[in-house]
*Asks:* 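What follows is a single structure, and I will ask about it in a moment.
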Amino acid sequence: MTDVINKKLEAFLVDYPLKKYKKGQVILEAGQEVSSVYWTRSGYAWAYDLDDMDREVGIQIFQPLEFLSILSVKTGNKSRHNVESLTPVEVWVIPKNDFEKFLKNNEEVAKAIDLEVAEKFLDLTDYISQLVSGDAYKKVAGYLYNLAKEFGVNRGGKINVKFKITHRLIASMTGLTRETVTLQMLKIEKKRLIDNEKRQVTILDRNKLKESLGY
């Protein structure tokens, strides 16, 4: 979104309570009524389901709160997924009616939010396609590539992901076992495409990582 849109949003959001969550805290539970929009001020979270064996199956990552809460508010549905903080998280909590009134009076902001929701949906379809068609290596490497693309900071040609990533999380997001993820991460490291010191992922050569995926 543009600076103008962000400033209008921020001027509206600051009048509402700022709720804080510690790392690893559940923000929304599957089946929970969602009567407010959760708008992230800082931090990252992920959305996941539990399968029949209570294993976490990742749905979306990092800043899903706006996306999921807006959809729940617009459709009147309960939350379909669990949302948990990956880092300390701060969110503004805006009652549904207040948020809808704001959008009605700020058409350009409403259009920008609709576009962002649509882009998140397209990202989700790409992610699903990758899960269905890729082998274990491509699932992990593709996931890391997408992380760098969306949440990377370029430092001297190397791209650092802004937060730590565990093998548990990658396994949940790719549908692989932790053991398989560990093996694939080692393969990618041996090719000198990434560094994973203390779970802080650094992409050493984004172009070569991209080439290894056949993009």
*Asks:* For D49 versus R80, what's the shortest heavy-atom pair and its separation?
*Replies:*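 Minimum heavy-atom separation between D49 and R80: OD1-O, 3.4 Å.
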
*Asks:* Using every non-hydrogen atom in the two residues, find where L28 and V26 come nearest and quote the distance to one decimal.
*Replies:*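 Looks like O-CG1, 3.3 Å.
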
*Asks:* Nearest 0.5 Å, what's the CD-CD1 distance between E116 and I70?
*Replies:*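 Result: 8.0 Å between the selected atoms.
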
*Asks:* Keeping T180 on the side-chain end and L176 on the backbone end, is there a donor-acceptor pair under 3.5 Å?
*Replies:*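 Checking the backbone N and O of L176 against the side chain of T180, no donor-acceptor pair under 3.5 Å is found.
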
*Asks:* Any link between L186 and L144 through a network of hydrophobic side chains (Ile, Leu, Val, Met, Phe, Trp, Tyr) touching at under 4.5 Å?
*Replies:*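 They do not share one cluster, since no chain of ILVMFWY contacts under 4.5 Å joins L186 to L144.
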
*Asks:* I need the F151 CZ to N146 CG distance, nearest 0.5 Å.
*Replies:*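 Between atom CZ of F151 and atom CG of N146 there are 10.0 Å.
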
*Asks:* Would you call K19 and I27 a side-chain contact if the rule is heavy atoms closer than 4.5 Å?
*Replies:*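 No, their side chains stay 4.5 Å or more apart.
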
*Asks:* Is the shortest heavy-atom distance from the side chain of L193 to the side chain of I203 under 4.5 Å?
*Replies:*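 L193 vs I203: side chains apart.
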
*Asks:* Give a yes or no on whether I113 and V4 share a hydrophobic cluster (residues Ile, Leu, Val, Met, Phe, Trp, Tyr; joining criterion: side-chain heavy atoms under 4.5 Å apart).
*Replies:*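 As far as the 4.5 Å side-chain criterion goes, V4 and I113 are not connected within one cluster.
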
*Asks:* Testing the basics here: between T87 and G43, what is the closest heavy-atom pair and its distance to 0.1 Å?
*Replies:*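 That would be OG1-CA, 3.4 Å.
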
*Asks:* Without swapping roles, check the side chain of T40 against the backbone of S42 for a donor-acceptor pair under 3.5 Å.
*Replies:*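 A pair under 3.5 Å: no.
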
*Asks:* Answer with yes or no whether the side chains of S72 and N77 bring together a donor and an acceptor at under 3.5 Å.
*Replies:*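 The answer is no; no qualifying pair exists.
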
*Asks:* Counting C-beta onward and ignoring hydrogens, is there a side-chain heavy-atom pair between E189 and N196 closer than 4.5 Å?
*Replies:*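 Heavy-atom side-chain distance check passes, below 4.5 Å.
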
*Asks:* Determine, for Y137 and K191, whether the Lys NZ or Arg CZ falls below 6.0 Å from the six-membered ring centre while staying within 45 degrees of the axis.
*Replies:*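 Positive - K191 is close enough to the ring of Y137 and near enough to its axis.
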
*Asks:* List for me each residue that meets side chain to side chain donor-acceptor pair (under 3.5 Å) alongside T182, sequence neighbours excluded, and say none if there are none.
*Replies:*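 Expected list: H167.
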
*Asks:* In terms of hydrophobic clustering (I, L, V, M, F, W, Y; side-chain heavy atoms under 4.5 Å; direct or indirect links), are V34 and V117 co-clustered?
*Replies:*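 Both belong to a single hydrophobic cluster.
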
*Asks:* Sub-3.5 Å donor-acceptor pair from the side chain of Q200 to the main-chain atoms of N160, do we have one?
*Replies:*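 A pair under 3.5 Å: no.
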
*Asks:* Who are the side-chain contact (heavy atoms from CB on, under 4.5 Å) partners of E100, not counting sequence neighbours?
*Replies:*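 By the side-chain contact (heavy atoms from CB on, under 4.5 Å) rule, E100 matches V73, K96, N97.
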
*Asks:* Side chain of D98, backbone of I94: donor and acceptor closer than 3.5 Å?
*Replies:*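 No; judged by distance alone, with no hydrogens or angles, the pair does not exist.
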
*Asks:* Are I194 and L183 connected into the same hydrophobic cluster when the rule is that any two of I, L, V, M, F, W, Y join if their side-chain heavy atoms are below 4.5 Å apart?
*Replies:*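 Different clusters: L183 never reaches I194 through Ile, Leu, Val, Met, Phe, Trp or Tyr contacts under 4.5 Å.
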
*Asks:* Kindly assign one of parallel, tilted or perpendicular to the pair W39 and F99, based on the angle between their ring planes and the thresholds 30° and 60°.
*Replies:*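 Rings of W39 and F99: tilted, 30 to 60°.
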
*Asks:* Is there a side-chain contact between V91 and R41 in this structure, where contact means two heavy atoms from C-beta onward sitting under 4.5 Å apart?
*Replies:*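 They are not in side-chain contact.
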
*Asks:* Nearest 0.5 Å please: distance from the NZ atom of K208 over to the OG atom of S212.
*Replies:*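 Going from NZ on K208 over to OG on S212, the span is 11.0 Å.
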
*Asks:* Keeping the roles fixed (side chain from S69, backbone from Y38), state whether a donor-acceptor pair exists under 3.5 Å.
*Replies:*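 Side chain of S69 to backbone of Y38, a donor-acceptor pair under 3.5 Å: yes, one is there.
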
*Asks:* Test V83 against W46 for side chain to side chain contact (heavy atoms under 4.5 Å, CB included), laying out the working first.
*Replies:* CA-CA 6 Å; V83 180; W46 70 304; over 6 Å; no

*Asks:* Which atoms form the tightest heavy-atom contact between Y143 and M173, and what is the distance?
*Replies:*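 For Y143 versus M173, the nearest heavy atoms are OH-CG, 3.6 Å.
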
*Asks:* Indicate the atoms forming the closest heavy-atom contact of E29 with N82, along with that distance.
*Replies:*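 For E29 and N82, the tightest heavy-atom pair comes out as CA-OD1, 3.6 Å.
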
*Asks:* Is any side-chain heavy atom of I170 closer than 4.5 Å to a side-chain heavy atom of Q184?
*Replies:*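 No, every pair of side-chain atoms sits at 4.5 Å or beyond.
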
*Asks:* Any sub-3.5 Å donor-acceptor pair from S85's side-chain atoms to Q25's backbone N or O?
*Replies:*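 It does hold such a pair.
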
*Asks:* Taking N106 for the side chain and V109 for the main chain, is one N or O donor matched with an acceptor at less than 3.5 Å?
*Replies:*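 Looks like no, no N/O pair under 3.5 Å.
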
*Asks:* Can you tell me how far CH2 of W92 sits from CD of E10, rounded to the nearest 0.5 angstrom?
*Replies:*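 It is 6.0 Å, given to the nearest 0.5 Å.
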
*Asks:* List the steps, then state whether side chain to side chain contact (heavy atoms under 4.5 Å, CB included) holds for V161 with T202.
*Replies:* CA-CA 6 Å; V161 176; T202 300; over 6 Å; no

*Asks:* Would you say the side chain of K158 lies within less than 4.5 Å of the side chain of L204, judging by non-hydrogen atoms?
*Replies:*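 A side-chain contact exists here, since the closest heavy-atom pair is under 4.5 Å.
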
*Asks:* What's the verdict on side chain to side chain contact (heavy atoms under 4.5 Å, CB included) for V181 and T174, showing C-alpha distance, side-chain angles and the deciding distance?
*Replies:* CA-CA 9 Å; V181 167; T174 57; 4.2 Å; yes

*Asks:* Would you call R206 and K149 a side-chain contact if the rule is heavy atoms closer than 4.5 Å?
*Replies:*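 SC-SC contact between R206 and K149 confirmed.
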
*Asks:* For P95 versus S36, what's the shortest heavy-atom pair and its separation?
*Replies:*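 Result for this residue pair: CA-OG, 3.7 Å.
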
*Asks:* Working to the nearest 0.5 Å, report the span between NZ of K210 and OH of Y145.
*Replies:*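 Answer rounded to 0.5 Å: 4.0 Å.
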
*Asks:* Test side chain to side chain contact (heavy atoms under 4.5 Å, CB included) on V153 and I159; report intermediate values, then the result.
*Replies:* CA-CA 5 Å; V153 178; I159 301 174; 6.0 Å; no

*Asks:* Measuring from atom OG1 of T177 to atom CZ of R168, what distance do you get when rounded to the nearest 0.5 angstrom?
*Replies:*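 Here the interatomic distance stands at 15.0 Å.
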
